[in-house]
S.K.: 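Take a look at the following structure, please.
Below, all heavy atoms of this structure are taken into account, side chains as well, without hydrogens, waters or symmetry copies.
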Amino acid sequence: MAKKTDAETLSKHLYDALRRDILAGRWTPGAKLQLTALSEHYDTSSTVVREALTRLVGNRLVLLRPNRGFFVPELSLADLEDITEMRCVNEELAARLAIERGTLDWESELMAAHHTLERTQRREAENPDEHTEAWNEAHQAFHAKLVEACGVPVLIDLTLVLSDLSQLYGRWAGAATRYADRDIEQEHRDILAAALARDPRLTAALLRTHYQTTMAAVRSAGEVGLKTN
């Protein structure tokens, strides 16, 4: 039993490390993920690496091509459009249910998550085109907490998958959002206020605007890192 627990812990640790490095842009879109090289880099067996990569395939952060191996997904504006729409629809529903079912404890936790987001530095001075890893984590945590009280595991899981995919795109299109004419901090304040006011329609509308504004910035910038077809 202990050996099984140790193996599961190791697999989870490597999954988290690979996920974090993919989202941080360690490998460019379309790059092949070599089992041997990854085993050496993370100092573990190729079996553990394969298990972690297979889990990431299920979450769409890794692409498995038959007889060719594992790859970082290539990115396209068309795919980002679809991901954005799916995220809007999914989180609109999840937020409505969360507002209906959320307790006072949920409200307190949501305010705490927003406080962390508000106090976390968004961009590094030496690399202003990218969000900091700490801000990305706080941003995801705030949006995850917003929908957590919906009580529907499949909705929550899909929210996390779509959030990761959006963050992956954001890593390679950071400059587009940097120069967008928006106040993202105020957007989050407005979303929080609507949720605390228990206004599901306004919360859903603000979430949609929040995500579509990012999509519009990437689209108008014509990011070279994203394919147009």
S.K.: Quick one about S76 and D79 (side-chain donor to acceptor, distance below 3.5 Å, no hydrogens or angles considered), yes or no?
M.R.: yes
S.K.: I need the full list of ring pair (Phe, Tyr, Trp, His ring centres under 6.0 Å) pairs touching residues 40-91, with sequence neighbours left out, sorted by first then second residue.
M.R.: none
S.K.: Output every pair passing ring pair (Phe, Tyr, Trp, His ring centres under 6.0 Å) with a member in residues 89-116, not counting sequence neighbours, ordered by first then second residue.
M.R.: H114-F142
S.K.: Taking side chain to side chain contact (heavy atoms under 4.5 Å, CB included) as the criterion, tell me which of D164, L158, T159 meets it with L162.
M.R.: L158
S.K.: Report yes or no: do R182 and T214 form a side-chain donor-acceptor pair below 3.5 Å?
M.R.: yes
S.K.: Compare every heavy atom of H131 with every heavy atom of N136, then report the nearest pair and how far apart it is.
M.R.: OD1-CB, 3.5 Å
S.K.: Which of parallel (below 30°), tilted (30 to 60°) and perpendicular (above 60°) describes H143 and Y211?
M.R.: tilted
S.K.: Please name the pair of heavy atoms, one in D190 and one in L206, separated by the smallest distance, quoted to 0.1 Å.
M.R.: O-CD1, 3.4 Å
S.K.: Using a 3.5 Å distance criterion without hydrogens, assess whether the side chain of R101 forms a donor-acceptor pair with backbone atoms of C150.
M.R.: yes
S.K.: Assess the side chains of T132 and Q121: does a donor N or O sit below 3.5 Å from an acceptor N or O?
M.R.: no
S.K.: The criterion is salt bridge (Lys or Arg N to Asp or Glu O under 4.0 Å); which residues satisfy it with E137, sequence neighbours excluded?
M.R.: none
S.K.: Return each pair, listed once, that meets side chain to side chain donor-acceptor pair (under 3.5 Å) where at least one residue sits in residues 58-72; pairs must be two or more places apart or across chains.
M.R.: Y15-N59
S.K.: Please give the remaining members of the hydrophobic cluster of V152, linking ILVMFWY side chains under 4.5 Å, ordered by chain and number.
M.R.: L93, L97, V154, L155
S.K.: Mind jotting down which residue pairs meet the salt bridge (charged side-chain N to carboxylate O under 4.0 Å, His left out) criterion with at least one end in residues 26-49? Sequence neighbours excluded, please.
M.R.: D21-R26
